[in-house]
Every structure is written in structure tokens, then in C-alpha cells.
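Accompanying notes for the structure given below.
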Amino acid sequence: MLEIADLQNIDRDHLRALPIEEQKQIALNAARKIIEESNGLTILDTHALIKSPLGFVPGLPQETLEILAPKAFVIIECAPSTIILR
């Protein structure tokens, strides 16, 4: 998503402040690009939820999942203190 947003001169800090529909379009474009460039195993690192001006939204909304059609999910949970250390 950062690559797609960068092409539109949108930096990481402003990305999550965009209206949800704009975020969704960037996510869909990113998913299409991932599929287009994928040649086998692809690993995506994302958040389950993302804080937005309207509240929390899914990191992988339904429309994005339909494009990506993942075969498996791996969820890693850890304490906030561990995340801060990383």
C-alpha cells in the first residue's frame, strides 16, 4: 500500500488519515499489484485492525481478500511491550 500511496504523493502518516474509501482503493490496487507480481509463495505482513478517523477497520477487508485469495493465515500475537521493543 505504501508503494501505491507514494505514487500519489501520500506518505505513511497521511495514509491512515485518508477517507476509508480512498484507503480501500489503495488497498485494492496494492492487492492487484501483489497478485500480478507474485510467482508462487507470497507472504504479507499486515495488521488485523487499523485505527482510522472513523474507528478501527480490518487490515484485510473482504474485497482485498477476494483479490488475494489466500491459502493460509498465520497470526502472531504478542504483548505490547514486545512490539515496542521491536
Side-chain angles (χ1 to χ4, degrees):
M1 281 184 67
L2 291 175
E3 280 183 34
I4 301 295
D6 190 48
L7 293 172
Q8 299 175 25
N9 295 316
I10 301 168
D11 65 26
R12 171 185 224 123
D13 293 332
H14 292 98
L15 181 59
R16 90 178 150 214
L18 290 174
I20 297 300
E21 283 305 311
E22 287 184 50
Q23 290 182 38
K24 189 185 295 186
Q25 279 307 312
I26 291 172
L28 292 173
N29 290 335
R32 289 182 191 103
K33 182 173 178 154
I34 289 166
I35 292 301
E36 180 181 301
E37 294 179 358
S38 176
N39 58 359
L41 178 64
T42 301
I43 298 174
L44 299 178
D45 179 9
T46 189
H47 298 280
L49 294 172
I50 299 166
K51 188 175 181 179
S52 80
L54 297 176
F56 289 94
V57 295
L60 289 170
Q62 182 67 34
E63 298 92 342
T64 304
L65 286 171
E66 288 172 2
I67 292 169
L68 294 172
K71 305 241 185 309
F73 287 94
V74 175
I75 298 172
I76 300 173
E77 293 184 56
C78 59
S81 58
T82 302
I83 294 170
I84 291 170
L85 288 173
R86 292 181 185 168

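Counting begins at 1 with the first residue of the sequence. These numbers come from the heavy atoms of this one structure, side chains and all, not from hydrogens, waters or symmetry mates.
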Output, in order, the C-alpha distance, side-chain angles, deciding distance and verdict of side chain to side chain contact (heavy atoms under 4.5 Å, CB included) for D6 and E3.
CA-CA 5 Å; D6 190 48; E3 280 183 34; 5.7 Å; no

To the closest 0.5 Å, what do you measure between [atom1] ([X]) and [atom2] ([Y])?
{"X": "I26", "Y": "K24", "atom1": "CD1", "atom2": "NZ", "value": "13.0 Å"}
{"X": "L18", "Y": "Q25", "atom1": "CG", "atom2": "CD", "value": "12.0 Å"}
{"X": "I10", "Y": "L15", "atom1": "CD1", "atom2": "CG", "value": "6.5 Å"}
{"X": "L60", "Y": "F73", "atom1": "CG", "atom2": "CZ", "value": "6.0 Å"}
{"X": "L68", "Y": "E63", "atom1": "CG", "atom2": "CD", "value": "11.5 Å"}
{"X": "R12", "Y": "L2", "atom1": "CZ", "atom2": "CG", "value": "5.0 Å"}

Should the heavy atoms of other residues, nucleotides or ligands under 6.0 Å from CD of E37 be counted, would the total exceed 12?
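Enclosed.
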
Indicate whether the side chain of E66 and that of Q62 have a donor and an acceptor atom separated by less than 3.5 Å.
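E66 vs Q62: donor-acceptor pair found between side chains.
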
Does D11 reach the main-chain N or O of H14 with its side chain, forming a donor-acceptor pair under 3.5 Å?
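Yes.
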
Can you name the closest pair of heavy atoms from M1 and Q23 and give their distance?
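Taking M1 first and Q23 second, the nearest heavy atoms are CE-O, 3.8 Å.
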
Decide salt bridge (charged side-chain N to carboxylate O under 4.0 Å, His left out) for E36 and R32; before the verdict, give the C-alpha distance in whole Å, the side-chain angles of both, and the deciding distance to 0.1 Å.
CA-CA 6 Å; E36 180 181 301; R32 289 182 191 103; over 6 Å; no

Which residue in the set N29, T64, I67, L44 passes side-chain contact (heavy atoms from CB on, under 4.5 Å) when paired with I34?
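Exactly one pass, corresponding to L44.
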
